[in-house]
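Heads up, the thing below is written out as structure tokens.
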There are 2 protein chains.
Amino acid sequence: MGIREPLREMSCGLPHALEVMGERWSFLILRAAFNGLYHFEEFSQELGIARNILSNRLANLVQHGVLERTPCEADRRKVEYRLTEKGLGLLPAMLALRQWGERYTEDFNPGLVLVDCRDGQPVQPISIRAQDGRELSWHELGWQTPDKIGQPVDRHAGAYAKDGFPAEPPEQSEECC
Amino acid sequence: MGIREPLREMSCGLPHALEVMGERWSFLILRAAFNGLYHFEEFSQELGIARNILSNRLANLVQHGVLERTPCEADRRKVEYRLTEKGLGLLPAMLALRQWGERYTEDFNPGLVLVDCRDGQPVQPISIRAQDGRELSWHELGWQTPDKIGQPVDRHAGAYAKDGFPAEPPEQSEECC
DNA sequence: CTCCCTAAGTTGCGATTCGCAACCCTTTTT
DNA sequence: AAAAAGGGTTGCGAATCGCAACTTAGGGAG
């Protein structure tokens with residue numbers, strides 16, 4: 001990516017996402033929720049997570065609107081934790097992370113494959129796409145200010161070469177030796 | 001998703017991904033790397049991270065093959081940390097997380113927008129797609145064993161209703177009250 | 001050559017957080 | 001009435017985080 005974005009500013013959604021999902025067990029709890037677990041004991045047993053941590057994480061996810069906590073009508077000892085719409089919105093991120101983990105794990109042997117349940121065909125690898133559907137790699141991306149959207153980005157010091165990653169340090173800018 | 005996958009097993013890439021990227025600053029370091037930072041001091045100053053932690057994280061990312069550490073030829077005090085191919089493979093995951101953070105942050109005001117630098121148009125929201133390109137939501141997904149790929153998935157207790165998330169507890173299964 | 005500066009860490013130490021086990025309160029089941 | 005299940009909370013030792021100070025190696029100016 002050519003233009004460097006300011007990193008400390010809150011113009012980036014990543015810090016917020018990490019505030020919600022960045023703690024140790026959050027993603028695994030989320031995965032469990034996507035797999036249809038609802039109850040405290042289920043999470044506890046399936047994940048082997050300490051109860052106090054689980055309690056803390058669930059409360060955190062509820063507070064951030066990823067899960068919804070509702071006491072169970074039929075059995076008032078139980079509580080249900082369910083994904084909200086915001087929580088469901090994390091599925092692409094989780095899947096991308098997971099696909100990456102699978103791809104780069106030595107000798108990874110998929111026990112189960114995520115498929116389109118209509119035809120049983122595996123889902124596509126998650127990728128970044130342009131408006132016209134082209135898959136984009138890193139060196140085809142750039143940052144643009146909202147008012148200049150639609151204007152091609154001039155990548156300063158665009159000394160990028162093969163396959164979307166820099167072959168050399170991008171020119172003698174002030175940054176690099 | 002209908003069929004429940006076994007959660008503790010290593011049949012899932014998520015634990016591996018989190019082992020690499022799950023610590024507190026890893027994703028922000030990665031973002032910085034995608035933004036063209038190479039050197040220890042740059043990361044330190046831009047992110048405001050403690051030096052010992054940064055040192056630890058960089059070493060960890062190098063060890064896991066996300067970054068490559070090379071002493072700088074021209075100035076032998078410096079060291080370059082560069083994304084490997086494995087590291088570049090994290091871009092979709094990071095972007096998905098980031099888009100999620102942006103979408104669900106109150107009053108989020110994008111300072112910069114990630115665009116296709118050829119035409120300056122914003123990239124698409126990251127989504128999960130079937131082989132034919134259809135966008136898939138959670139309730140259209142299922143787990144299938146590798147030998148049965150291509151066979152439609154029968155979702156057990158498929159009481160899912162609106163918009164891809166469960167309207168009620170999916171029937172009186174053994175799981176839910 | 002000497003002095004000073006930069007880059008990249010390392011070390012010490014107090015403040016948090018994690019993880020385990022035990023305990024607690026409420027609701028259900030027997 | 002007693003026992004058990006569900007969902008936590010509390011205490012406490014171990015590991016991790018974050019800050020500041022220190023170290024080591026290389027470069028540059030005079």
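Chain letters run A, B, ... following the sequence lines, proteins first and then strands; every chain starts at 1.
- Here the P atom of nucleotide D:dT24 and the CZ atom of B:Phe40 are 17 Å apart, to the nearest Å.
- A close approach under 4.0 Å does not occur between any side-chain nitrogen or oxygen of A:His39 and OP1 or OP2 of D:dG6.
- Seen from the ring of A:Phe108, A:Arg103 does not count as a face-on cation partner, given the 6.0 Å and 45° thresholds.
- The CG atom of A:Leu67 sits 14 Å away from the P atom of D:dG7 (whole-angstrom rounding).
- Rounded to an integer number of Å, the gap from A:Asn56 CG to C:dT16 C1' is 12 Å.
- Taking atom CD of residue B:Glu41 and atom C1' of nucleotide C:dG9, one finds them 9 Å apart after rounding to whole Å.
- Atom CZ of B:Arg69 is separated from atom P of C:dA8 by 9 Å (rounded to the nearest Å).
- A:Gln99 is listed as a side-chain neighbour of A:Val123, based on a closest heavy-atom distance under 4.5 Å.
- Using a 3.5 Å distance cut-off with no hydrogens or angles, the side chains of A:Glu42 and A:Tyr81 do not pair a donor with an acceptor.
- One finds a side-chain N or O of B:Tyr81 lying less than 4.0 angstrom from the OP1 or OP2 phosphate oxygen of C:dG9.
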Which atom pairs link the protein and nucleotides 18-21 of chain D when you take only N or O atoms and keep those under 3.5 Å?
{"from": "D:dG18", "atom 1": "OP2", "to": "B:Trp25", "atom 2": "NE1", "distance (Å)": "3.1"}
{"from": "D:dG18", "atom 1": "N7", "to": "B:Asn52", "atom 2": "ND2", "distance (Å)": "3.4"}
{"from": "D:dC19", "atom 1": "N4", "to": "B:Asn52", "atom 2": "OD1", "distance (Å)": "3.3"}
{"from": "D:dC19", "atom 1": "N4", "to": "B:Asn52", "atom 2": "ND2", "distance (Å)": "2.4"}

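- Residues that satisfy the side-chain contact (heavy atoms from CB on, under 4.5 Å) test with A:Glu68, not counting sequence neighbours, are A:Thr70, A:Thr84.
- Closest approach to the B:Ser55 side chain among D:dG7, C:dT27, C:dG9 is made by C:dG9 (side chain taken as heavy atoms from C-beta onward).
- When rounded to the nearest whole Å, the span between NZ of A:Lys78 and C1' of C:dC25 equals 18 Å.
- Per the geometry, CG belonging to A:Leu28 stands 11 Å off P belonging to C:dG19, to the nearest Å.
- Using cut-offs of 30° and 60° on the angle between ring planes, the pair B:His16 and A:Trp100 is parallel.
- Residue pairs that meet the salt bridge (Lys or Arg N to Asp or Glu O under 4.0 Å) test with at least one member in residues 118-130 of chain A, sequence neighbours left out, do not exist here.
- Looking only at side-chain heavy atoms (C-beta outward), B:Asp116 and A:Arg134 come within less than 4.5 Å of each other.
- Per the geometry, CG belonging to B:Leu54 stands 14 Å off P belonging to C:dA7, to the nearest Å.
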